[in-house]
Amino acid sequence: MKLFNKIIAPLLLSAALVSCGSSSDEVDPKRPIFSPLDTTTMTEVQKYVQNYFGKKFNVDIRYNYEDRLASNLYKLGPASEAQALKYLNLMRYTFFEVYEKVAPKGFAERHTIKQLVLFGTLGYGPTQNLLGEAPFGMIQVYDINRLNIPYFDADDYEASTFNYYYQRARDNYIQTLYHESAHTLHQDTPVPEAFLKLTISDYQQDNAFSYWYIRGISSLTAGFISDYASKSPEEDFAELYGTYMVLLPEEWENLMVQADYKYKPDSRYTGREILERKLAIMKEYLKANYHLDIDVVRAEANRRICAMADYRKLPTTEAYYEFIKGDFSKLPPSYYSTIPKD
């Protein structure tokens, strides 16, 4: 799971993103998870969870606080139902509907998130504050109560504020969903050996952040899409999948430019060459094992996650507005605060 690490020690960055509490989603993607419950005493949101996410995508979602599901390592608070609904609709629009529209039939039911638990606060711990983790394959997302989805057409729109909340929603919440779905893939069919061999000697395990920070080196130049990707081959795969899925082509290219250097003087390849090779292996793996064209899925995801496009590269302002018309920030606030009719 993607996690958020506050400044606790000098070696950690204030906005660093870290990942799964366990190495992967351990839920068997082929096993039925959802079991319908009596709706007599359910709230409308609980019925929505069961009737849409449960029945349609075979995912068990909990947002009411249950002590037995909370980690004993962190102080966790309950999610408000209104904030849970906001998150559910964001997940529906930018994740499940993407797979439903362009992925092979049945893919979302078998190979995406199976068990999801929402908590309202960060996971406050003695050394770090987390945005989530994945203990025993049950994905837990924290800080739901602080999810703020900016509205592009708001009367009080202000660019810097919009960009802050937009990138936070995209990078801390949406990208996490794609990252976690990638774990169900490699658990079902292992990551190709060719992928592992490219950076096999540079995985840092628990030193995935401190290693690069201490040396003042960008992990991109070593062939990792993020510092956390250097933790293990499984996190490398999931981070690459999740990041590629939510970034626009121009944003991805910006990362590749930063990666286009050699990590060590005697390195055979630049970080860009390694990352592009990893991506090619991933694409071949997904097509061969899941009949999934990641570029087709990404194009649909980009259609819904595109407000960070550089308007200066489009011919007119009108062209920019046309380009971003399907973005999640263009949906009115009422979309996130109500239960869809269908």
Pairwise side-chain contact, [X] with [Y], heavy-atom cut-off 4.5 Å (strictly under):
X      : Y      : value
Arg272 : Glu253 : yes
Ser218 : Tyr261 : no
Arg146 : Leu122 : yes
Phe162 : Asp156 : no
Tyr336 : Phe328 : yes
Val117 : Val141 : no
Arg168 : Asn148 : no
Gln258 : Leu255 : yes

Look up atom [atom1] in [X] and atom [atom2] in [Y], then write down how far apart they are to the nearest 0.5 Å.
X      : Y      : atom1 : atom2 : value
Tyr213 : Asp227 : OH    : CG    : 11.5 Å
His111 : Gln187 : NE2   : CD    : 12.0 Å
Met91  : Thr176 : CE    : OG1   : 12.0 Å
Ser230 : Trp212 : OG    : CH2   : 5.5 Å
Asp202 : Tyr263 : CG    : OH    : 5.0 Å

Taking ring-ring contact (aromatic ring centres under 6.0 Å, His included) as the test, write out the residues that go with [X], two or more places apart.
X      : result
Phe57  : Tyr52, Phe96
Tyr165 : none
Tyr320 : none

Do [X] and [Y] get their side chains close enough for a donor-acceptor pair, meaning under 3.5 Å?
X      : Y      : value
Asn89  : Tyr48  : yes
Lys86  : Gln83  : yes
Tyr244 : Asp295 : yes
Tyr203 : Gln205 : no
Glu81  : Thr43  : yes
Tyr321 : Thr317 : no

Item to check | Distance flag, aromatic centroids of Tyr151 and Tyr157, threshold under 6.0 Å | outcome: no
Quick check: is [Y] connected to [X] through a chain of hydrophobic side chains (ILVMFWY, heavy atoms under 4.5 Å apart)?
X      : Y      : value
Val296 : Val98  : yes
Met308 : Ile305 : yes
Trp252 : Tyr311 : yes
Tyr164 : Ile324 : no
Phe195 : Leu279 : yes

How far apart are the closest heavy atoms of [X] and [Y], and which atoms are they?
X      : Y      : answer
Leu88  : Phe53  : O-CZ, 3.4 Å
Val246 : Glu251 : O-OE1, 4.5 Å
Met282 : Phe237 : CE-O, 3.2 Å
Lys114 : Ala108 : NZ-O, 3.7 Å

Checklist entry - Is there a ring-ring contact (aromatic ring centres under 6.0 Å, His included) between Phe107 and Tyr99 once you walk through the steps? => result CA-CA 7 Å; Phe107 181 89; Tyr99 280 122; 5.3 Å; yes
Checklist entry - Checking salt bridge (Lys or Arg N to Asp or Glu O under 4.0 Å) for the pair Asp327/Lys330: CA distance, chi angles, key distance, verdict? => result CA-CA 5 Å; Asp327 187 84; Lys330 295 283 285 183; over 6 Å; no
Item to check | salt bridge (charged side-chain N to carboxylate O under 4.0 Å, His left out) against Asp206, all qualifying residues, sequence neighbours excluded | outcome: Lys231
Checklist entry - Do Glu322 and Lys325 sit within salt-bridge range, that is, some charged N less than 4.0 Å from a carboxylate O? => result yes
Checklist entry - Does Arg277 pair with Glu273 as a salt bridge, N-O distance under 4.0 Å? => result no
Next on the checklist: Using the rule given for side-chain contact (heavy atoms from CB on, under 4.5 Å), can you reason through His183 versus Glu235, listing the C-alpha separation, both sets of side-chain angles and the distance that settles it, and then say yes or no?
Outcome noted: CA-CA 8 Å; His183 280 313; Glu235 296 304 337; 3.3 Å; yes
Next on the checklist: Lys101 vs Glu97, test: salt bridge (Lys or Arg N to Asp or Glu O under 4.0 Å). Steps then yes/no.
Outcome noted: CA-CA 6 Å; Lys101 185 171 182 179; Glu97 286 185 0; over 6 Å; no
Next on the checklist: Please evaluate residues Leu292 and Val297 with respect to the criterion side-chain contact (heavy atoms from CB on, under 4.5 Å), reporting the C-alpha separation (whole Å), side-chain torsions for both, the decisive distance (0.1 Å), and the verdict.
Outcome noted: CA-CA 8 Å; Leu292 184 74; Val297 180; 3.5 Å; yes
Checklist entry - Which residues satisfy the side chain to side chain contact (heavy atoms under 4.5 Å, CB included) test with Thr338, sequence neighbours excluded? => result none
Item to check | CA sep, side-chain torsions, deciding dist, call: Asp188, Arg110, salt bridge (Lys or Arg N to Asp or Glu O under 4.0 Å) | outcome: CA-CA 10 Å; Asp188 191 36; Arg110 293 192 297 271; over 6 Å; no
Next on the checklist: Once side chain to side chain donor-acceptor pair (under 3.5 Å) is applied, do any residues pair with Asn207, and if so which ones, sequence neighbours excluded?
Outcome noted: none
